[in-house]
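Everything quoted here is computed from the prediction, not taken from an experiment.
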Amino acid sequence: MLVSLALLGLGLLTAVAAPRMLARVEWPEREPVVALWVWQCVVAAVLLCFALSMTFSAAAAWQAVRGHVFAPAPRAVVEAYELGAHGPWSAVLAVLLACGGLWTGAMLTREVRRARLRHRHKRAELRDRSPLLPGEEPGPDALVLLEGERPDAWRLPGPVPRLVVTTAALRRLKGHQLDAVLAHEQGHARARHDWLLHCSSALATGFPQIPVFAAFRDEMHRLVELAADDVASRRYGRLTIALALVELNEDRGVFGPCPAADAQLPRRVHRLLTAEPRLPASRRLRLTAAGAFVPVVPLLVAFVPALRAALG
């Protein structure tokens, strides 16, 4: 039972402290891909803490679960976990954590279904506004030109992904700016950023009181755009993608004194224009290794009694 409580406490501590620690550092602006990795590792560690706490609590409460979890373990290892103590409290904790896991799955399912409904509606609207010509077979990431007065460009996922550009955007974007915008959208697709956004939104919606999940959602929305900007800038230059963002969004009021919906756009443009250098490769490697170590900590806590029994 002590291991279950220790894992639960570690999960709660990580959920509260990690967002504050990551909010103080400045390197995510320069290395958004590494920051995405670290955030995923932190959230995975929190979820792993709760899952392991549920497992050990269930093993302490019910003999059937204990037999499955500790089936190959020597008797000394099983006794080291002191599973016979605090049976009723173990059952309550296991049930609560199991309900949290089921709720997480339900929220993720709902988020994915809503996204599919939105995409299905957009695909139907796109078919009505830009139908295929007789004999035309759309390929993956086919470019679709859509009549529209508002400059815009986006990627529509699905069985046959489409890159959609409005005629207003085509008139606004000069030179390689359109290529840079398309490279930005393709960067989202290759990295499967949509799944990151679905998972972060599901966790934040399902558990709004847990700080790490709300921060995870906000940072995912910010960092995936920075990462896609970097993909485009490496191919066509920072100035090109920055000017393309300005051309597509200057009529929406985001660059005025009172920014409207997307307040991150001015910061994205400023970041592209200032062109801060990337972190050294050695530091990127250290940050990646540090992120990978975070989910290992709950496993070490879970196996401490077993290691003591084996070594003792």
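Here L5 contributes atom CG and L93 contributes atom CG; the two are 6.5 Å apart, rounded to the nearest 0.5 Å. Taking CG of L117 as the start and NE2 of H121 as the end, the distance is 10.5 Å to the nearest 0.5 Å. For the atom pair CG (L279) and CH2 (W27), the distance works out to 8.0 Å, reported to the nearest 0.5 Å. The distance from the CD atom of E147 to the CG atom of L170 is 10.5 Å, given to the nearest 0.5 Å. Interatomic distance, C199 SG to M107 CE, rounded to the nearest 0.5 Å: 13.5 Å. Annotation: the span from E125 atom CD to L156 atom CG amounts to 10.0 Å, rounded to 0.5 Å.
Closest of all the heavy-atom pairs between L8 and S53 is CB-OG, 3.8 Å. Taking each heavy atom of A60 and S90 in turn, the nearest pair found is CB-OG, 3.5 Å. Heavy-atom minimum distance, P151 versus A168: N-CB, 3.6 Å. Between V38 and G291, the closest heavy-atom pair is CG2-CA, 4.4 Å. The shortest non-hydrogen separation linking F213 to A204 is O-CB, 3.6 Å. Contact record, V95 with W62: CG2-CH2, 4.0 Å, taken as the closest heavy-atom pair.
No salt bridge links R271 with E276; every basic N to acidic carboxylate O contact stays at or beyond 4.0 Å. A salt bridge links E29 to R222: one of the charged nitrogens lies within less than 4.0 Å of a carboxylate oxygen. A salt bridge is defined here as a Lys NZ or Arg NE, NH1 or NH2 lying under 4.0 Å from an Asp or Glu carboxylate O, and K174 with E247 fails to meet this definition.
Clustering ILVMFWY residues whenever any of their side-chain heavy atoms sit less than 4.5 angstrom apart, transitively, puts F303 in the very cluster that holds L10. Hydrophobic clustering (ILVMFWY, side-chain heavy atoms < 4.5 Å, transitive): L7 and L300 are in one cluster. Residues V296 and V304 fall into different hydrophobic clusters, defined by Ile, Leu, Val, Met, Phe, Trp and Tyr side chains chained together at heavy-atom separations under 4.5 Å. Cluster annotation: W37 is not connected to V33 through the hydrophobic network of ILVMFWY side chains, with a link wherever side-chain heavy atoms come within less than 4.5 Å. Under the 4.5 Å side-chain heavy-atom criterion for grouping Ile, Leu, Val, Met, Phe, Trp and Tyr, L143 is connected to L173 within one hydrophobic cluster.
Counted by atom type alone, Q264 and H221 present zero donor-acceptor pairs between their side chains at under 3.5 Å.
Ring geometry, H193 versus H188: the interplanar angle exceeds 60°, so the pair is classed perpendicular (tilted spans 30 to 60°).
Side chain of T166 to backbone of D152: a donor-acceptor contact under 3.5 angstrom is found. Of the possible donor and acceptor atoms, none in the side chain of S201 sits under 3.5 Å from a partner among the backbone N and O of H198. Of the possible donor and acceptor atoms, none in the side chain of R162 sits under 3.5 Å from a partner among the backbone N and O of R155. Side-chain atoms of W103 come within 3.5 Å of backbone atoms of G206 as a donor-acceptor pair (strictly under, hydrogens ignored). Between the side chain of H184 and the backbone N or O of A180 there is no donor-acceptor pair closer than 3.5 Å.
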R283/E31 under salt bridge (charged side-chain N to carboxylate O under 4.0 Å, His left out): CA gap, chis, key distance, verdict: CA-CA 11 Å; R283 189 177 177 191; E31 294 295 339; over 6 Å; no
Pair T109-R113, side-chain contact (heavy atoms from CB on, under 4.5 Å): steps then yes or no: CA-CA 6 Å; T109 302; R113 284 182 176 176; 3.8 Å; yes
side-chain contact (heavy atoms from CB on, under 4.5 Å) between R192 and D194, worked out: CA-CA 5 Å; R192 300 308 300 269; D194 54 335; 3.7 Å; yes
Derivation of the side-chain contact (heavy atoms from CB on, under 4.5 Å) call for L196 and L36: CA-CA 9 Å; L196 277 178; L36 285 168; 4.2 Å; yes
M220 vs F216, side-chain contact (heavy atoms from CB on, under 4.5 Å): CA-CA, chis, key distance, verdict: CA-CA 6 Å; M220 289 305 97; F216 181 51; 3.5 Å; yes
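The shortest side-chain heavy-atom distance between R120 and R123 falls under the 4.5 Å cut-off. Contact annotation: the side chain of L178 never approaches that of Y236 to less than 4.5 Å [non-hydrogen atoms, C-beta and beyond]. Taking the side chain as every heavy atom from C-beta outward, L272 and L245 approach each other to under 4.5 Å. Residues L52 and L299 have side chains in contact (heavy-atom distance under 4.5 Å, counting atoms from C-beta outward). In this structure, the side chains of V231 and R190 come closer than 4.5 Å at one or more pairs of heavy atoms. P305 is listed as a side-chain neighbour of V3, based on a closest heavy-atom distance under 4.5 Å. The closest side-chain heavy-atom distance from V165 to L182 is below 4.5 Å. L248 places none of its side-chain heavy atoms less than 4.5 Å from the side chain of R172.
Summarising the local packing, CZ of R284 is surrounded by more than 12 heavy atoms from other residues, nucleotides or ligands at distances under 6.0 Å.
Each of T240, L243, I241 was scored for a side-chain contact (heavy atoms from CB on, under 4.5 Å) with H176, with one residue passing: T240.
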